[in-house]
**Student:** 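Mind looking over this structure? Questions follow.
Start at 1 with the first residue, then count along the sequence.
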Amino acid sequence: MPNDGTKLLLKYMIVISDANIIFSCFYKPNGAIATILKEEKKNIQFIAPDFLLEEVEEHLSEIMAKTNITKIKARALLKEFTKNITFYKLDDIPDEYIDKAHKIVENIDPDDYPFVALHLKQGHKIWTCDVKLINGLIEEGYDICITTNELRAKTYKKLSK
């Protein structure tokens with residue numbers, strides 16, 4: 001604790017990791033996003049619907065071709081990038097949230113409904129770098145995303161006594 005009478009408050013955050021966060025890690029495995037995900041952070045909890053793994057798997061051959069990595073390396077990286085993410089089964093999210101999420105993203109990107117459904121159930125922001133998703137959700141009246149820069153800025157807060 002600092003001597004000046006101030007406390008450093010580690011603000012505990014929970015964020016929903018979007019699939020494009022994981023995609024970004026493959027293209028920049030030592031970049032800011034990968035570093036945030038791989039670090040053992042005590043002040044950020046990452047959650048995601050298990051659909052994230054399905055979506056990454058669906059695009060894995062494309063990622064391997066673009067990054068020139070083997071399937072073994074791709075699977076090892078995926079394990080490393082997701083080790084700090086707690087996954088929620090899509091089947092455990094009530095239908096009311098699934099249905100509402102489908103409606104919200106139908107004109108943005110229908111594949112993003114699981115992330116929005118988890119947000120509706122849990123109330124946490126979606127960590128994404130998908131500008132189309134961010135802007136589309138805002139246009140629909142849902143300011144529910146957090147960017148990497150916003151995530152960094154909100155992780156530490158200094159409070160006076």
Side-chain angles (χ1 to χ4, degrees), residues 10-93 97-98 100-102 104-138 140 142-156:
L10 296 178
K11 185 174 179 187
Y12 186 73
M13 293 182 65
I14 300 172
V15 294
I16 300 166
S17 299
D18 188 319
N20 71 51
I21 291 296
I22 303 302
F23 294 143
S24 295
C25 292
F26 279 103
Y27 296 107
K28 291 185 179 178
N30 295 313
I33 293 171
T35 300
I36 290 169
L37 269 177
K38 291 186 292 186
E39 287 178 356
E40 293 290 331
K41 295 226 177 244
K42 303 294 184 219
N43 57 337
I44 303 174
Q45 180 183 349
F46 305 103
I47 64 174
D50 58 1
F51 174 78
L52 178 145
L53 295 171
E54 292 175 34
E55 192 169 2
V56 171
E57 188 68 37
E58 185 180 310
H59 295 279
L60 204 53
S61 59
E62 177 187 329
I63 291 167
M64 290 170 11
K66 287 182 177 180
T67 59
N68 201 27
I69 59 174
T70 65
K71 192 170 195 169
I72 292 171
K73 179 68 174 175
R75 294 210 181 281
L77 286 172
L78 178 60
K79 186 175 181 177
E80 184 179 1
F81 300 143
T82 60
K83 73 180 180 182
N84 292 323
I85 299 175
T86 301
F87 289 96
Y88 287 76
K89 292 182 181 179
L90 200 51
D91 293 342
D92 291 341
I93 299 175
Y97 299 126
I98 298 287
K100 186 173 182 179
H102 273 294
I104 292 168
V105 298
E106 69 185 349
N107 295 317
I108 304 166
D109 183 348
D111 287 344
D112 285 325
Y113 85 89
F115 305 98
V116 174
L118 186 56
H119 161 78
L120 294 171
K121 181 179 187 290
Q122 297 289 335
H124 305 297
K125 290 209 170 200
I126 301 168
W127 178 26
T128 186
C129 48
D130 182 344
V131 176
K132 179 183 175 190
L133 177 62
I134 294 168
N135 292 337
L137 287 170
I138 289 171
E140 292 292 322
Y142 294 90
D143 186 8
I144 60 173
C145 296
I146 188 166
T147 65
T148 302
N149 287 337
E150 290 170 329
L151 182 64
R152 280 180 171 158
K154 292 184 179 190
T155 54
Y156 292 95

**Student:** Mind checking what makes side-chain hydrogen bond (donor to acceptor under 3.5 Å, both in side chains) contact with S61, not counting sequence neighbours?
**Tutor:**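 Once residues adjacent in sequence are excluded, S61 has no partner under the side-chain hydrogen bond (donor to acceptor under 3.5 Å, both in side chains) criterion.
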**Student:** Rounded at 0.5 Å granularity, tell me how far CD1 in I63 sits from CD in E57.
**Tutor:**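 Those atoms lie 9.5 Å apart.
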**Student:** State, with a plain yes or no, whether a side-chain heavy atom of L137 is found less than 4.5 Å away from one of I104.
**Tutor:**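 L137 vs I104: side chains touch.
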**Student:** Using salt bridge (Lys or Arg N to Asp or Glu O under 4.0 Å) as the criterion, list what pairs up with E80, not counting sequence neighbours.
**Tutor:**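 Expected list: K38.
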**Student:** Rounded to the nearest 0.5 Å, what separates atom CG in D130 from atom CG in N135?
**Tutor:**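 One finds 9.0 Å between CG of D130 and CG of N135.
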**Student:** For a quick test of reading the model, state the closest non-hydrogen atom pair linking C145 to E150 and the distance between them.
**Tutor:**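 Reported closest heavy-atom pair: O-OE1, 4.0 Å.
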**Student:** Determine the minimum heavy-atom distance between I98 and I93, stating which atoms define it.
**Tutor:**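 Closest heavy-atom pair between I98 and I93: CG1-O, 3.8 Å.
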**Student:** For residues 16-23, which side-chain N or O atoms pair as donor and acceptor with protein atoms under 3.5 Å away, sequence neighbours left out?
**Tutor:**
residue: D18; atom: OD1; partner: N20; partner atom: N; Å: 3.2
residue: D18; atom: OD2; partner: T128; partner atom: OG1; Å: 3.2
residue: N20; atom: OD1; partner: C129; partner atom: N; Å: 3.2
residue: N20; atom: ND2; partner: T128; partner atom: OG1; Å: 2.8

**Student:** If you measure from CD1 on I138 to CD1 on I144, what distance do you get to the nearest 0.5 Å?
**Tutor:**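 Reported value, rounded in 0.5 Å steps: 9.5 Å.
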**Student:** Quick check: closest heavy atoms across M13 and I146, and the distance to 0.1 Å?
**Tutor:**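 Looks like CE-CD1, 3.8 Å.
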**Student:** Heavy-atom count around N68 CG within 6.0 Å, excluding the residue itself: above 12?
**Tutor:**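 Counting other residues, nucleotides and ligands, CG of N68 stays at 12 neighbours or fewer.
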**Student:** Between L77 and F26, which heavy-atom pair has the shortest distance, and what is it?
**Tutor:**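 The answer is CB-CE2, 3.8 Å.
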**Student:** Please enumerate all residues that pass ring-ring contact (aromatic ring centres under 6.0 Å, His included) together with Y142, with sequence neighbours excluded.
**Tutor:**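 Expected list: none.
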**Student:** Let me confirm one number: the NE2-CG distance from H102 to D112, rounded to the nearest 0.5 Å.
**Tutor:**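 Reported value, rounded in 0.5 Å steps: 11.5 Å.
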**Student:** Any side-chain to backbone donor/acceptor pair from T82 onto I85? Under 3.5 Å, distance only.
**Tutor:**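 Side chain of T82 to backbone of I85, a donor-acceptor pair under 3.5 Å: no, none is there.
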**Student:** I'd like to check W127 versus I44 (side-chain heavy atoms, cut-off strictly below 4.5 Å). Are they in contact?
**Tutor:**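 Heavy-atom side-chain distance check fails, nothing below 4.5 Å.
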**Student:** Please enumerate all residues that pass salt bridge (Lys or Arg N to Asp or Glu O under 4.0 Å) together with K83, with sequence neighbours excluded.
**Tutor:**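 K83 satisfies salt bridge (Lys or Arg N to Asp or Glu O under 4.0 Å) with no residue once adjacent residues are dropped.
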**Student:** As an exercise, state the distance from CD1 of I47 to OH of Y88, rounded to the nearest 0.5 Å.
**Tutor:**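 Separation between the atoms: 4.5 Å.
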**Student:** Do the side chain of D50 and the main chain of F87 share a donor and acceptor less than 3.5 angstrom apart?
**Tutor:**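 Side chain of D50 to backbone of F87: no pair is present.
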**Student:** In Å, rounded to the nearest 0.5 Å, how long is the span from NZ of K28 to CD1 of I33?
**Tutor:**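 CD1 of I33 is found 8.0 Å from NZ of K28.
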**Student:** Anything under 3.5 Å between a donor and an acceptor, one on a side chain of residues 114-126, the other on a protein residue two or more places apart or in another chain? List them.
**Tutor:**
residue: H119; atom: ND1; partner: H124; partner atom: O; Å: 2.7

